[in-house]
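Here's the structure we're looking at; comments come further down.
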2 protein chains.
Amino acid sequence: MNTDKLEEVKKLFTAHLENKGLRKTGERYAILEEIYARSGHFDVEELYAGMKERGLQVSRATVYNTLDLLVEQGLVSKHQFGRNLAQYEKSYGYRQHDHVICTECHKVVEFCDPRIHGIQTMVGDLLNFHILHHSLNLYGICGDCRAKAEAAARQSNPS
Amino acid sequence: MNTDKLEEVKKLFTAHLENKGLRKTGERYAILEEIYARSGHFDVEELYAGMKERGLQVSRATVYNTLDLLVEQGLVSKHQFGRNLAQYEKSYGYRQHDHVICTECHKVVEFCDPRIHGIQTMVGDLLNFHILHHSLNLYGICGDCRAKAEAAARQSNPS
DNA sequence: CTCCATGCAAATTATTTGCATAGAC
DNA sequence: GTCTATGCAAATAATTTGCATGGAG
């Protein structure tokens, strides 16, 4: 099943490369495989290190190049959660979701809300944009960090 | 009226500095003024250059430091529209809005949608986060760029 | 007077680019 | 055989950090 999905994604990628007249190189497929073998978010360095560890040799420049292609096609999505470091994740066959980020501990939690799709459609029509994707981040303080903050306050200022 | 708003923002900033036991330095207020004298988005370099031009001398390090404080307090908001360059804008007393970004020409258009507030509240309750702010970006191709693309297609492939 | 905040420059880090070579077509 | 994609290293760009000094408290 996981293998099936990988095959499916590879086919889509192949079609995209052919469409754009780009070469089907081993490196590009190796990167795609590594990405789909991962779960959750990762940055370029993690991906690069992961491949090296598995004995797959690619240069960082190729990783950046291929990620751009995949993002362009929509097989991978790119996030900028603050932290001057781009985060990526696979996005084919996974439900489109958004993120809540704790501004204290930087924990990231995912959620889905169908209303966003409606907003996307409406705004696209209104402003005459052909919307391809979106990114919604909610920033706040998670339950754990609030609990910690309250405990600390009680400590320094006991009622 | 604009002056009133500036005074109001300064008072809020002062309160925040006092709350956190930080010093009320001339540089910090100078940066706040420069930001509220601007309209629209700007990056650190633009802000820094603008201040220099007006004869206000501050170091880049202080600009970064102060922007962090202001963002933390919510008087300024920070955006990462792709492009490895943080963009900022004043955000006190301005209607909370979101952005549509053209992936071709990088034009940015603003919009408001009340449903986002509902999503924010619901998700916060559901995941036990105290949500402070959000960032919604829609990415797509603007009308102008679509028109250009179509014209180019007609050129190379006339029916 | 005590320390935090500033300014400057150096350091760090992510990403991009130039160029020679391998390899897809 | 041609010409694009890769790999490497060097370049660039944004942001952070260390340390001496000035100035707020």
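Just so it is clear: chains get the letters A, B, ... in the order the sequence lines come, proteins before strands, and each one is counted from 1.
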Mark yes or no for a side-chain to base donor-acceptor pair under 3.5 Å between B/Arg60 and C/dC8, with no hydrogen or angle criteria applied.
no

Short side-chain N/O contact from A/Asn65 to OP1 or OP2 of D/dT6, under 4.0 Å
yes

For A/His106, does the NE2 atom have more than 12 heavy-atom neighbours from other residues, nucleotides or ligands under 6.0 Å away?
yes

Check whether any side-chain N or O of A/Thr62 sits under 4.0 Å from OP1 or OP2 of D/dG7, and answer yes or no.
yes

Please report, rounded to the nearest Å, how far the P atom of D/dT12 is from the OH atom of A/Tyr64.
18 Å

Is the phosphate of D/dC8 approached by A/Gln57 (side-chain N or O, under 4.0 Å from OP1 or OP2)?
yes

When B/Gly26 and B/Asp68 are each assigned the nearest nucleotide of DNA chain D, the 5'-most assignment goes to B/Asp68

Let me know the distance between CG of A/Leu22 and C1' of D/dT4, rounded to the nearest Å.
9 Å

Nearest-nucleotide comparison on DNA chain C, the residue closer to the 5′ end among A/Asn84 and B/Gly21:
B/Gly21

Nearest 0.5 Å please: distance from the CZ atom of B/Arg60 over to the CG atom of B/Leu47.
11.0 Å

Taking atom CD of A/Glu46 and atom CG of A/Leu85, what is their separation to the nearest 0.5 Å?
8.0 Å

Whole angstrom is fine here: how far is it from CG in A/Leu85 over to P in C/dT15?
6 Å

Below 4.0 angstrom from OP1 or OP2 of D/dT6, is there any side-chain N or O of A/Thr25?
yes

At what distance, to the nearest 0.5 angstrom, does CZ of B/Phe81 lie from CG of B/Asn137?
5.5 Å

Rounding to a whole Å, what distance do you find between B/Leu67:CG and C/dA5:P?
16 Å

Please evaluate the base of C/dC25 for a donor-acceptor partner in the side chain of A/Arg23 within a cut-off of under 3.5 Å?
no

Check this one for me: any side-chain N or O of A/Arg28 less than 4.0 Å away from OP1 or OP2 of D/dA5?
yes

Length of the CD-P vector between B/Glu46 and D/dA13, whole Å:
15 Å

Could you state the OH-C1' distance from A/Tyr29 to D/dT6, rounded to the nearest angstrom?
16 Å

Rounding to an integer number of Å, can you tell me how far A/Glu18 CD sits from C/dA24 P?
15 Å

Kindly state whether the ring of B/His99 and the ring of A/His134 have centres lying under 6.0 angstrom apart.
no

Between atom NZ in B/Lys24 and atom P in C/dC4, what is the gap in whole Å?
16 Å

